[in-house]
Amino acid sequence: MSTFNQLGLHPSLTEAVASENFTKPYPIQAEGIPAVLGGGDVLGIAKTGSGKTASYVLPLLHRLLQPEARRGKDLAGPSVLVLVPTRELAQQVRAVFELFIVSLPDRIKSLAVFGGVSINPQMQALRNVDILIATPGRLIELEEKNAVKLTSINTLVLDEADKMLNLGFKDEIDAILALLPASEKRQNLLFSATLSDDLSSVNQI
Ligand code: AMP
């Protein structure tokens with residue numbers, strides 16, 4: 001697999017990728033994009049700089065462009081949840097989604113929420129969000145305030161999962177997993193720079 005055109009992505013996405021001068025998929029993208037499109041769970045061992053973000057952003061946008069993903073969307077909550085350890089990563093991941101969203105024919109809405117800033121603007125911005133990128137603590141606060149429902153999530157991404165565990169987010173992650181549809185009813189994507197025993201202790205991802 002040596003070009004983006006061979007990966008099965010929507011033509012708007014292959015055009016967007018070309019206009020960003022992504023000439024060739026990085027290895028994690030060549031392997032990861034078809035795996036995510038295939039619908040199964042994916043474990044990616046990848047550091048920052050490997051291109052891991054686009055390896056899930058592109059296939060998830062592809063799925064959101066399918067007609068069935070648009071039906072009834074305004075009534076439901078977000079369908080994609082990306083959990084990240086830090087505000088910086090939340091903003092970076094959203095920027096990668098937005099980089100491609102701007103060239104797409106459908107309106108797809110992404111939002112990053114994180115702690116350390118006022119919660120009210122985030123509560124208001126949550127309306128009609130398709131893709132929610134969140135740090136665990138703030139997501140729980142928003143859920144407790146009934147600002148977001150997580151019952152419509154069909155794809156969960158844990159990005160920098162090892163860092164989330166190192167920062168002590170395990171209890172929050174478990175609490176969030178309990179609010180999502182059952183594990184077998186969603187696609188689970190886990191990215192980590194290292195693979196440790198701790199990761200398998202994240203309950204039933
Ligand atoms: P990441 O590992 O996801 O943080 O991505 C690292 C950097 O590589 C980002 O600045 C991306 O814009 C860039 N990048 C990702 N995939 C490609 C690609 N296939 N070709 C060129 N640049 C890329």
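Any value given below was found using the heavy atoms of this structure, including those in side chains, with hydrogens, waters and symmetry copies removed. On a predicted model such as this, the values are computed, not experimentally measured, just so you know. Just follow the structure's listing: the first ligand is 1, and inside any ligand the first atom is 1.
Formation of a donor-acceptor pair under 3.5 Å by the S152 side chain with backbone atoms of P78 is found in this model.
Nearest protein heavy-atom contact of atom 16 (N) of ligand 1 is Q29 NE2, 2.8 Å. Scanning the protein for heavy atoms near atom 13 (C) of ligand 1, the closest one is F22 CZ, 4.1 Å. Atom 6 (C) of ligand 1 has its closest protein heavy atom at G49 CA, 3.6 Å.
Geometrically, ligand 1 and P25 share no nitrogen or oxygen pair separated by less than 3.5 Å. When only interatomic distances are considered, the shortest N/O to N/O separation between A54 and ligand 1 does not fall below 3.5 Å. For ligand 1, the polar-atom distance check against T23 finds no nitrogen or oxygen pair separated by under 3.5 Å. On a distance-only criterion, Y26 and ligand 1 share at least one N/O pair closer than 3.5 Å. For ligand 1, one of its N or O atoms has an N or O atom of T53 under 3.5 Å away.
The only member of L81, D41, I176 that meets side-chain contact (heavy atoms from CB on, under 4.5 Å) when paired with L156 is L81.
Aromatic ring orientation, F191 versus Y56: tilted (interplanar angle from 30° to 60°).
Under a 4.5 Å side-chain heavy-atom cut-off, the cluster of Ile, Leu, Val, Met, Phe, Trp and Tyr residues that includes F114 is completed by V117.
A salt bridge is defined here as a Lys NZ or Arg NE, NH1 or NH2 lying under 4.0 Å from an Asp or Glu carboxylate O, and R138 with E143 fails to meet this definition. Ion pairing of R107 with D130 is absent here, as no side-chain N (NZ or NE/NH1/NH2) approaches a carboxylate O to less than 4.0 Å.
Of the options A46, A95, G51, the smallest heavy-atom separation from atom 5 (O) of ligand 1 is shown by G51.
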Can you give the donor-acceptor pairs under 3.5 Å from side chains of residues 29-39 to other protein atoms, not counting sequence neighbours?
from: Q29; atom 1: OE1; to: Y26; atom 2: N; distance (Å): 2.8
from: Q29; atom 1: NE2; to: G51; atom 2: O; distance (Å): 3.0

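Per-atom contact check: atom 10 (O) of ligand 1 does not touch the protein, criterion being a heavy-atom distance below 4.0 Å. Counting only heavy atoms, the protein gets under 4.0 Å from atom 18 (C) of ligand 1.
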Give the intermediate values and the outcome of salt bridge (Lys or Arg N to Asp or Glu O under 4.0 Å) for residues E98 and K109.
CA-CA 9 Å; E98 290 296 323; K109 185 170 169 187; over 6 Å; no
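Remark: ligand 1 atoms within the under-4.0 Å shell around heavy atoms of K24 are 18 (C), 19 (N), 20 (N). Annotation for ligand 1: atoms under 4.0 Å from non-hydrogen atoms of F4 are 19 (N).
Contact detail for V129 and A125: the closest heavy-atom pair is CG2-O, 3.4 Å.
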